[in-house]
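This report concerns only the one structure given below.
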Amino acid sequence: MTAAPPTPRAVEEAWRRVQLARHPQRPRTMDLVSRIFDDFVELHGDRSYRDDPAIVGGPALLEGRPVMVIGHQKGTDTDSNIHRNFGSPHPEGFRKAQRLMRLAEKLGMPVVTLLDTAGAFPGPAAEERGQAEAIAASIKQMTALQVPIVAVIVGEGGSGGALAIGVGDEVLALENAVYSVISPEGCASILWRAPEKAPEAAAAMRMTAADQLELGVIDGIIPEPEGGAQHDPDATARALREALLAALGRVTRVEPEALLMTRYARLRGIGVVNEAEVEPLRPVDDGTLRQRIGRLLRVPGAPRRPRWSEVWPSGDESTDNEGGA
Amino acid sequence: MRIKFPLGRRDGPTDAWTKCPGCESQIFNKQLERNLRVCPTCGHHFRMSVGERIDLLVDRDSFEERDAGLTSGDPLGFHDQQAYADRLEASHIKTGLREAAVWGTARIEEHPVAIGLFDFRFMGGSMGSVVGEKVARCFEAAIGERIPAIIVSASGGARMQEGTLSLLQLAKTTAPLARMDVAGVPFISVLTDPTTGGVLASFASLGDVIVAEPGALIGFAGARVASGTVGEELPEGFQRSEFLLEHGFVDLVVPRAELRRTLGRLLRALPVAAAAGGAWPPTEERAWGPIGVLSDFAERLGGAVSETIGIDVQAEEENGGGPTPPASREAARPPRGGKAP
């Protein structure tokens, strides 16, 4: 693929999906859970600091069989959004998820996660309580969790805050869901230095469900009703339920050891890496014997021993951060 | 290791000064290099290149780079104001590196380690598929060769130009750590200025021991991301090493001049599981018996003498005296390279 700025049509299409994924009437995690599962019992708290309403979770029945359900929860109006912090978890949210996954592991229940967050909350309080550690620990736990995991992006899959509950044996997405390494606004403000370029950034990052399927990041797309999930939450939930049953049917049939091996291989294989045989660089010592003796005796003016800083020197202290998120 | 800088330095601009962002004083560049790129006035730690890091941390002539031939593709055909491929090329020219991280094997105060190092000047040290691959291979080599792993991070986070493929590197680099837990192989994470975003939100936060350089910026959200997303500026002095130490997310804040010695001490105190196993108090190796005393004495005299008394820690390690991971897990070596999308 040749690199070129995204076409206006691609920009428009990507931004339309982002707006659908963020639609204020889009069914939230709890709207879907109540339609799909029976006997959902929401459990609260991380047993350490507090309960984070931006992540919900607990055991439920699906076709009469127990599963552990965990998801981000956005609000539906201003008040509930403030309560839910717009679905952006603090560290304690991820630690609650970890606690619930441990319980699922103990009882041998499969885990179903529903992703819908703009991202982990980046505020000072979250930093103070170890936001990065909480996300990292969640991811690590999921990579080795001894029970099957099915993750579904139902709205916004916003970066580390989404991935923290998004490692799965199967990863699915609703048709108008999006998944990205950083919010389009964040990407635009770093790479374009202009947040209003968010639509361009959305297109460049290829964050739609179709793009993600093509990139091999997700395994399947669940169709939404015409015009988006907000038009018919019942139909959306029915489609999701069907997809969950099929996915659980596949992953629960695999032996735990094979499941973990496959999960590892899947994660290990993600990305595009060009590999060539090259002679590794190393510091070159072409000093003559006289020079070496001079060095040994620390004669002023004798050339120094070759060092790695000559292979990869410092310099050009530009502080550009043109890639990180 | 004391790095000696004899008087006859290589040619170069002799009139180059650097202004310290910490105390505003002007530092003669040679003096800065001689002082390990630490401001002599206020102790501000300047960033280092991968090469300088290697000179600083590992035993002379011990570093052997691995997987030097890994380079990034452009899976998204990414283009912002500049094409991704052009940014890669510019970074390569600027740094001489092929990617933002290198890894290899080395010795630190005689201890063999698998070590990975980031260079912030290569696209902000950002982690895309290749950096993630190198980190994962470093961890897998540590497991396979039963040597501790060390990663020296300096990164703005996941590389936006590879989209969610970069995001998934958080999982790719973290998955081997769970295996290291089972295998009993320690991981020491060294955080340098700056370590933020996806690198901190994955392996870098999960060291068995986490060491940071003084004053390093360490945080989940970069100031620009935070102010763009939340609309508030983060307070000054926030997200620094000392702040993380205080809040319990870092074990040690170590000045650069002490870093190598600290790592050596940690490597001695936290060996790979098989070497640490066995009865307590230890009866064979370096025990309180006469042989132990003798061998200790002999070590102090000349080193290798202890081997003649029949103490061979290495051999015991290989025979697997301690806990070993289940065979099936060991067999689960993943395919190398990447699946093309």
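In what follows, every chain begins at residue 1, and chains take the letters A, B, ... in the order their sequences are listed. None of the values given here were measured: they were computed from a predicted structure.
With sequence neighbours left out, A/W308 forms a ring pair (Phe, Tyr, Trp, His ring centres under 6.0 Å) with A/W312, B/F63. Scanning for salt bridge (charged side-chain N to carboxylate O under 4.0 Å, His left out) contacts around A/R17 gives A/E13, with sequence neighbours left out.
Contact of A/R263 with chain B is not made at all, since no heavy-atom distance falls under 4.5 Å. For A/E128, the parts lying under 4.5 angstrom from a heavy atom of chain B are both the backbone and the side chain. Looking at A/A201, there are no atoms closer than 4.5 Å to chain B (heavy atoms on both sides), in backbone or side chain. For B/A85, no part sits under 4.5 Å from any heavy atom of chain A, backbone or side chain. A/E133 touches chain B through backbone and side chain together, each having a heavy atom under 4.5 Å away.
The shortest heavy-atom contact between B/F78 and A/C187 is CZ-SG, 4.5 Å. What you find for A/V272 and B/S129 is that their closest heavy atoms are N-OG, 3.0 Å. Minimum heavy-atom separation, B/F220 to A/E127: N-OE1, 3.0 Å. In plain terms, the two heavy atoms of B/L167 and A/L163 that are nearest each other are O-CD2, 3.3 Å. Contact record, B/A158 with A/V181: CB-CG2, 3.5 Å, taken as the closest heavy-atom pair. In plain terms, the two heavy atoms of A/R206 and B/L76 that are nearest each other are CD-O, 3.7 Å.
Classification of A/K140 and B/D181 as a salt-bridged pair holds, one side-chain N sitting under 4.0 Å from a carboxylate O.
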Residues A/R282, B/E65; criterion side chain to side chain contact (heavy atoms under 4.5 Å, CB included); working and verdict: CA-CA 8 Å; A/R282 51 177 58 256; B/E65 191 187 1; over 6 Å; no
message: Quick one, B/Q81 with A/L191, criterion side chain to side chain contact (heavy atoms under 4.5 Å, CB included). Give me CA distance, side-chain angles, the key distance, then yes/no.
response: CA-CA 7 Å; B/Q81 290 167 311; A/L191 290 184; 5.9 Å; no
task: Might you work through the side chain to side chain contact (heavy atoms under 4.5 Å, CB included) test for B/E133 and A/R268, ending with a clear yes or no?
output: CA-CA 8 Å; B/E133 182 71 22; A/R268 233 6 224 94; 3.0 Å; yes
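Side chain of A/Q141 to main chain of B/A178: no donor-acceptor pair is present (N/O by atom type, distance under 3.5 Å, no hydrogens or angles). Within the 3.5 Å criterion, the main-chain N or O of B/G69 finds no donor-acceptor partner in the side chain of A/E277. With hydrogens and angles disregarded, no donor-acceptor distance shorter than 3.5 Å links the side chain of B/D55 to the backbone of A/R307.
Paired with A/S314 under the rule side chain to side chain donor-acceptor pair (under 3.5 Å), one option of B/R121, B/R53, B/E52 passes, and it is B/E52.
One distance of note links CD1 of A/I218 with CG of B/L168; it measures 11.0 Å at 0.5 Å rounding.
Between B/R98 and A/V278 there is a side-chain heavy-atom pair separated by less than 4.5 Å.
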